[in-house]
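Worksheet for the structure shown next.
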Amino acid sequence: MALRGRELANRMARKILNRRNHIGWPFMLAVLISVACAPDGPSVVRESDPSLVEQTPPSTSENRLTESTEEKVGRVPENGVAETDVRVGGSATVLLALDPTPITGWTPWDHVCAWSCRNVLDQVLETITVVLPDGSTAPWLAEQVEPNPTMLNWTITLRKGLRFSDDQPVTAQVIKEGYEEFLKKGEVTRGLLRDARINAVTVIDDHRLMFDLAEPNPALDIVLAGPIGRVFSIEAARVDPSGFIRGPVGTGPFIMEPWEIGQPVKLSANSEYWRTGSDGKSLPYLDELIFREVADEQERIQSVQRGDADFAHSRSTLAISRARDLELTVISRNEDNVGVVLFNTVQSPVDDVRVRRALQMSTNQDVLIKASLGAGAGEPATQWFAPQSRWWSSLVAETWPDSDASAAKQLLADYVNDEERSDRRAPGSQISIDLQCTDDIHMSSMVRELARQWEATGYIEVETETVTRSGLIQRVLGSVTDRPGFSGDFMATCWRVGGESDPAMMFGPLFGPIRTSPLNVSNLHSEPLTAFVELLHSSSVETVRQAAVEQIMLVLSEQMPMIYLSHAQSAVIGHPGTGGLGYWQLPNGNEVYGQVAGVGRWSDVWLSDE
């Protein structure tokens with residue numbers, strides 16, 4: 001890397017360390033310089049014996065979680081559940097939204113499983129780790145998930161005594177054979193294995209196995225909370241493949257009865273389930289769960305309110321608000337998923353940061369959120385991550401500019417009167433902005449309001465265009481024939497950013513070189529972004545990685561490739577005659593309050609009356 005890049009890395013490292021003095025200066029500087037300046041990214045050496053290396057990264061283990069669970073998952077409210085409140089038995093009905101991809105089967109390797117699907121499948125096929133409400137992870141079927149210092153070898157220690165509902169034992173060999181026979185060939189999982197850089201799975205003994213990676217991946221613990229980490233009976237999958245599609249066999253608290261496409265899903269309690277509740281009673285508390293898909297958000301809420309159903313899943317802010325108004329039990333979460341107005345930073349006039357910043361400062365975020373509530377708008381965003389997330393930064397929140405019409409007009413005047421303005425229009429002429437969005441009625445309302453706000457500056461004329469969802473995606477991603485390649489065919493568009501993945505897995509393709517990074521939808525690429533994305537990939541130290549994410553968010557605040565609107569929201573909802581919603585317990589006994597993506601822990605809920 002050129003000298004300028006090294007100086008930039010040093011300067012950014014100093015900025016971090018001035019605020020985070022608990023990170024060792026020599027360590028942080030050495031890491032950042034090596035990441036920023038190596039010609040092909042971080043240089044790593046695979047260890048033939050990982051135990052010979054002195055310094056070992058922190059693991060996802062029960063001992064570590066015992067020390068910090070309250071910080072990581074949030075304090076369990078003081079009005080927690082008393083043992084005498086728990087009622088065992090009964091059947092509960094859960095109403096689910098329609099998933100973007102229709103549910104046609106339940107194999108984790110071949111079938112896409114979104115939010116509603118996960119409400120069902122999590123009760124049957126459990127995972128090696130789980131994601132907590134703050135985005136961190138905890139062991140579940142594993143006792144420990146531990147990387148070596150290079151993060152090329154991850155050792156998984158399974159809990160002893162686990163059995164599938166078909167009474168077959170859970171062993172390291174079973175997981176390896178599942179990887180070889182099913183995951184490597186799966187329509188869904190083979191791509192996920194490639195993205196996670198997983199090369200091989202090696203059995204160490206009955207309860208220990210090693211995931212061998214082609215490149216360092218500090219986020220494998222999150223990967224193991226998804227399809228790759230779902231543990232299933234290979235005996236059942238081998239003996240009756242078609243039956244497994246309709247009724248998978250796992251270690252979960254419930255057993256799926258044979259299911260047909262388009263029909264409700266019925267689960268019965270697994271009497272041999274391995275976990276117990278905080279009261280010492282065997283889980284699950286319910287005898288039976290019935291899941292039904294109901295497309296209309298308000299209908300799901302009304303059904304719970306009437307008592308026609310016991311629980312509901314929702315990702316609609318309006319429906320969640322309605323549930324609160326009806327005094328239902330609501331466990332909600334602002335997701336690390338944000339609606340934005342995205343700019344194409346290589347398209348004039350928004351290739352000029354003065355214009356992008358002016359557009360942001362002339363935008364009234366609260367008014368736009370109100371206009372788009374029906375499209376799922378939630379709490380105002382200042383960054384990709386919600387305040388409950390371990391990646392959220394108060395500094396970034398403070399740095400995100402407020403609306404400032406006067407400052408916006410000054411920036412626009414500077415651009416308009418610039419003889420070398422990038423749109424090549426005559427000095428003094430108005431700025432023309434093309435704004436596109438999908439044909440959703442609520443998004444159309446937001447776009448009209450946004451155009452009004454921008455035109456109110458007196459310097460801007462806005463042309464709006466409505467396109468189909470698929471057409472919008474195609475325009476934003478672009479193609480190899482674009483100039484430059486994959487630069488897209490848009491100026492400003494509605495979009496969403498973020499997700500449940502670790503930042504290291506998200507940010508690499510999103511801020512890579514334009515010509516080789518189709519997912520770099522803003523076309524923003526710079527040395528600071530590259531340096532900190534590579535640091536995210538190379539470090540397993542939590543505070544170092546949090547600092548890198550913070551710096552990436554600060555770069556976005558400065559360069560303004562997008563205007564943040566609001567976080568997506570999710571919730572699980574219950575009527576007053578239910579208990580335990582949102583409360584669940586980790587295998588080590590630590591309690592958790594909350595949910596992720598609107599997916600309930602249905603083993604820990606009960607019906608307090610019928």
Side-chain angles (χ1 to χ4, degrees), residues 4-5 8 12 338-363 381-384 396 399-401 408 411-412 414-416 418 420-425 431-437 447 450 454 457 459-460 462-465 467 472-498 503 506-533 551-565:
R4 180 171 173 269
L8 181 62
M12 295 171 79
V338 179
V340 302
V341 177
L342 177 72
F343 297 123
N344 187 339
T345 61
V346 298
Q347 177 81 263
S348 67
V350 294
D351 59 344
D352 193 302
V353 70
R354 293 175 296 180
V355 175
R356 299 196 299 270
R357 292 187 67 83
L359 292 173
Q360 187 278 330
M361 287 190 285
S362 61
T363 297
T382 60
Q383 54 202 280
W384 290 34
V396 174
T399 303
W400 184 251
L411 286 171
L412 291 171
D414 289 346
Y415 181 84
V416 163
D418 188 342
E420 298 181 355
R421 50 189 283 181
S422 60
D423 62 2
R424 300 183 179 179
R425 286 192 169 193
I431 299 169
S432 179
I433 300 292
D434 295 330
L435 175 62
Q436 69 175 26
C437 198
V447 166
L450 180 59
W454 285 352
T457 63
Y459 290 92
I460 298 170
V462 180
E463 289 288 335
T464 62
E465 182 181 5
V467 295
L472 184 142
I473 292 172
Q474 185 175 357
R475 285 192 185 185
V476 172
L477 294 181
S479 69
V480 71
T481 60
D482 294 340
R483 293 293 179 267
F486 297 111
S487 58
D489 179 23
F490 74 100
M491 183 183 296
T493 184
C494 54
W495 197 250
R496 299 205 72 87
V497 297
M506 285 194 296
F507 290 157
L510 287 173
F511 300 117
I514 298 172
R515 289 180 174 83
T516 58
S517 304
L519 295 181
N520 183 352
V521 290
S522 70
N523 296 312
L524 186 68
H525 177 65
S526 66
E527 288 181 347
L529 286 172
T530 299
F532 281 103
V533 167
Q551 286 298 308
I552 290 170
M553 291 295 104
L554 288 172
V555 171
L556 299 189
S557 294
E558 178 185 354
Q559 294 298 314
M560 204 63 66
M562 61 196 69
I563 299 174
Y564 300 129
L565 297 178

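Here the CD-CG distance, from E420 to D352, works out to 11.5 Å after rounding to the nearest 0.5 Å. The CD atom of Q383 lies 12.5 Å from the CD1 atom of I552; values are rounded to the nearest 0.5 Å. We find the OG1-CH2 distance between T382 and W400 to be 8.5 Å, quoted to the nearest 0.5 Å. Once rounded to the nearest 0.5 Å, the distance linking CZ of R515 with OG of S517 reads 11.5 Å. In this structure, OG1 on T530 lies 10.5 Å from CZ on F511, to the nearest 0.5 angstrom. Put simply, CG on L412 and OG1 on T457 are 5.0 Å apart, with the number rounded to the nearest 0.5 Å.
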Got a list of side-chain donor-acceptor pairs under 3.5 Å for residues 484-493, not counting sequence neighbours?
unit_1, atom_1, unit_2, atom_2, d
S487, OG, P484, O, 2.7
T493, OG1, Q436, O, 3.4
T493, OG1, Q436, NE2, 3.3

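By the 4.5 Å heavy-atom criterion applied to side chains, I433 and P349 are counted as neighbours. The side-chain heavy atoms of S432 and D423, taken from C-beta on, include no pair separated by under 4.5 Å. Side chains of I563 and F343 form a contact here, defined as non-hydrogen atoms less than 4.5 Å apart. Between L477 and L519 there is a side-chain heavy-atom pair separated by less than 4.5 Å.
Taking both residues in full, the closest heavy atoms of V467 and L472 are given as CG2-CB, 3.6 Å, listed atom of the first, atom of the second, then distance. Residues N520 and N523 approach most closely at OD1-N, 2.9 Å, considering heavy atoms. Across S522 and T345, no two heavy atoms sit closer than the pair O-OG1, 2.6 Å. Here the shortest heavy-atom pairing between V533 and G508 reads CG1-CA, 3.6 Å. For Y415 against S422, the heavy-atom pair with the smallest separation is OH-OG, 2.8 Å. Shortest non-hydrogen contact noted between M361 and P401 is CG-CB, 4.3 Å.
The aromatic rings of F507 and W384 sit perpendicular to each other, their planes meeting at more than 60°, with 30° as the lower class boundary.
A donor-acceptor pair under 3.5 Å is absent between the side-chain atoms of R354 and the main chain of L411, judged by distance alone. Remark: side-chain polar atoms of R425 are not paired, donor with acceptor, to backbone N or O of I431 under 3.5 angstrom. Between the side chain of R357 and the main chain of E558, a donor-acceptor pair closer than 3.5 Å is present. No donor-acceptor pair closer than 3.5 Å links the side chain of D414 to the backbone N or O of D418. Formation of a donor-acceptor pair under 3.5 Å by the Q551 side chain with backbone atoms of F532 is not found in this model. A donor-acceptor pair is defined here as one N or O able to donate and one able to accept, closer than 3.5 Å; such a pair exists between the side chain of S362 and the backbone of L359.
Listed by chain and number, the residues in a salt bridge (charged side-chain N to carboxylate O under 4.0 Å, His left out) with D351 amount to none (sequence neighbours excluded).
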